[in-house]
Amino acid sequence: MVFTRAAAIAFASSAALAVVLASSLAVADGTDSDGDGVSDGLEDATQRTVAASAAGDEFSVSSHLGTAALEDQFDLSYHAGTFEVAYSRTDGIGSSYELNLLNLIAWKDGNGNGRIDNGEIVRTTALGSAAFGNAPVLASNWTDTDGGRVFEFLVQSRDGNATLNITVAQRFERIDTIVLTPMEARLDIRIKPAVVPPGANLGLEFRMDTHERVLLEDHSWDEVQGFAPNEKEINVTASGRGHSSTVFFSWSNTVLADGSGIPVALLGGPFEPGPYNLTLNYAFGSSTPSNTILQHATLGVRSALFDIRRATEPSSGPQGDFVLYAATLAGVTAFVAVTIVLANRRTSRKP
């Protein structure tokens, strides 16, 4: 068989392309198998052990990470419209809060001051045990594409005016525009617009109760980390022995009304001493929603062990990929050049 110059070049080019493609696939394969923007290495290092159960109008979730030398625990429980969030660590420092869904308040801002004053409330729809007592929790779970378990709890109020959807995952999980971390629970609250008379604002009233220090943040931890857009947060922090422990409640600054975004304003807030009543207010103006109102919120913890493991996880970002790709490309370029030179020499030696 005659090995011509053209054949040599074609062979070298094909080999080069194959090597580059193989190296590119080797780099890309497994780095982010579920497409949530978080490397598989970090997900493996921070995957939590989750146990969940539900019965009647209650459910509980226990999420654990680490070993006896260094470990932390995230606990979430629910009963008839009330959530309890707790965080504990090996060093014994723990923090917690109780969050109760109180009421849906329809009101008209007659004096335009942005506050709910006496005589402005036109309708109150009770939540809490009045709406969710004996309302069954529907629990389900599944395995994500990267092997992590995802747990979901669905609760509809007895009058049908409000539905709670709570999601907890072992690993990072992309949901719509946010990435749910393993240290938190996503809470979606759907409200039927029938509770809002024409021209009225709607307030979603909570009560937070805790014995720890409370701080309102203009930006949530998830927003700062790039896991969620445009959120506020209330932190609950306990301190001692040179350490601190933080749990939080955060919410989106935009509520979806029939799919369109409406700004969310916080009325009231975490003023000492507790418990703290706060209201997320939605000013619909003259166009009252006709289909559904959806508020995204999050109940979670600041995991110290997550921060430690994230800091020690080797970077799998584009820098390493680029170095490997560049080295491979340089190698195959040299290979092609040498092959072409040898082919030229063979051609010139022919009689």
Side-chain angles (χ1 to χ4, degrees), residues 30-34 36-54 59-78 83-97 139 141-153 166-175 179-186 210-213 220-222 224-227 233 235-250 298-317 320:
T31 57
D32 183 13
S33 59
D34 58 350
D36 57 10
V38 180
S39 72
D40 289 347
L42 179 57
E43 293 209 47
D44 291 342
T46 58
Q47 177 173 321
R48 303 181 70 89
T49 301
V50 178
S53 63
F59 74 79
S60 63
V61 177
S62 180
S63 177
H64 177 268
L65 179 63
T67 58
L70 186 62
E71 58 186 327
D72 65 14
Q73 182 92 8
F74 162 41
D75 292 306
L76 171 68
S77 63
Y78 166 87
F83 295 90
E84 290 188 15
V85 178
Y87 177 53
S88 57
R89 297 174 11 179
T90 306
D91 57 22
I93 304 300
S95 54
S96 64
Y97 67 80
N141 67 86
W142 64 90
T143 301
D144 200 0
T145 54
D146 62 353
R149 301 295 291 173
V150 182
F151 302 85
E152 185 177 75
F153 306 92
I166 302 96
T167 307
V168 180
Q170 282 187 298
R171 297 164 68 93
F172 289 82
E173 177 78 8
R174 180 171 291 282
I175 305 175
V179 175
L180 178 68
T181 79
M183 305 85 67
E184 58 194 24
R186 161 82 169 243
T210 180
H211 299 293
E212 316 300 342
R213 182 175 60 89
S220 72
W221 181 88
D222 283 320
V224 172
Q225 302 300 317
F227 295 133
E233 178 178 289
N235 293 335
V236 176
T237 301
S239 300
R241 307 175 195 171
H243 302 284
S244 63
S245 168
T246 298
V247 291
F248 67 85
F249 170 62
S250 63
T298 305
L299 308 100
V301 307
R302 300 277 184 90
S303 170
L305 190 51
F306 168 80
D307 288 336
I308 292 171
R309 294 196 175 184
R310 178 175 59 175
T312 57
E313 177 64 23
S315 173
S316 58

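Using cut-offs of 30° and 60° for the angle between ring planes, the Phe153 and Phe59 rings count as parallel.
Residues passing the side chain to side chain contact (heavy atoms under 4.5 Å, CB included) test with Ile175, sequence neighbours excluded: Thr167, Glu173, Ile178, Leu180, Arg186. With sequence neighbours left out, the side chain to side chain contact (heavy atoms under 4.5 Å, CB included) criterion links Thr246 to Asn235, Thr237, Arg302.
Note that the CZ atom of Phe74 and the CD atom of Glu184 stand 7.5 Å from one another [nearest 0.5 Å]. Atom OH of Tyr87 is separated from atom CD1 of Ile93 by 11.0 Å, given to the nearest 0.5 angstrom. Note: Glu71 CD to Thr49 OG1 = 10.5 Å, rounded to the nearest 0.5 Å. If you take OG1 on Thr312 and CG on Asp307, they are separated by 10.5 Å, rounding to the nearest 0.5 Å. Here Asp40 contributes atom CG and Asp34 contributes atom CG; the two are 6.5 Å apart, rounded to the nearest 0.5 Å. Here Leu70 contributes atom CG and Leu65 contributes atom CG; the two are 8.5 Å apart, rounded to the nearest 0.5 Å.
For the residue pair Ser60 / Ser53, a side-chain donor-acceptor distance below 3.5 Å is found, with atom types taken as modelled. No side-chain N or O of Glu84 forms a donor-acceptor pair with one of Ser96 less than 3.5 Å apart.
With hydrogens and angles disregarded, a donor-acceptor distance shorter than 3.5 Å links the side chain of Asp32 to the backbone of Gly37. In this structure, Asp75 contributes its side chain and Ala86 its backbone to no donor-acceptor pair below 3.5 Å. At least one donor-acceptor pair under 3.5 Å links the side chain of Glu233 to the backbone N or O of Trp221. Checking side-chain atoms of Ser95 against main-chain N and O of Ser245 turns up a donor-acceptor pair under 3.5 Å. Without hydrogens or angle criteria, Arg89 side chain to Ser244 main chain gives a donor-acceptor distance under 3.5 Å.
The shortest distance between side-chain heavy atoms of Phe172 and Asp146 does not fall below 4.5 Å. Contact annotation: the side chain of Val247 never approaches that of Glu212 to less than 4.5 Å [non-hydrogen atoms, C-beta and beyond]. Side-chain contact check for Asp36 versus Asp144: every heavy-atom pair is 4.5 Å or farther apart. Put simply, the side chain of Tyr78 does not reach to within 4.5 Å of the side chain of Val61, judged on heavy atoms. The shortest side-chain heavy-atom distance between Leu299 and Tyr97 falls under the 4.5 Å cut-off.
When all heavy atoms are compared, the tightest approach of Ile166 to Ala185 is CG2-CB, 4.0 Å. For the residue pair Val301 and Phe248, the shortest heavy atom distance occurs at N-CE2, 3.4 Å. Looking at every heavy atom in both residues, Met183 comes nearest to Ser303 through CG-CB, 3.5 Å.
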Apply side chain to side chain contact (heavy atoms under 4.5 Å, CB included) to residues Ser63 and Val50 and explain how you reach the verdict.
CA-CA 4 Å; Ser63 177; Val50 178; 3.9 Å; yes
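The salt bridge (charged side-chain N to carboxylate O under 4.0 Å, His left out) analysis of residues 42-51, with sequence neighbours excluded, yields the pairs Glu43-Arg171, Asp44-Arg171, Arg48-Asp72.
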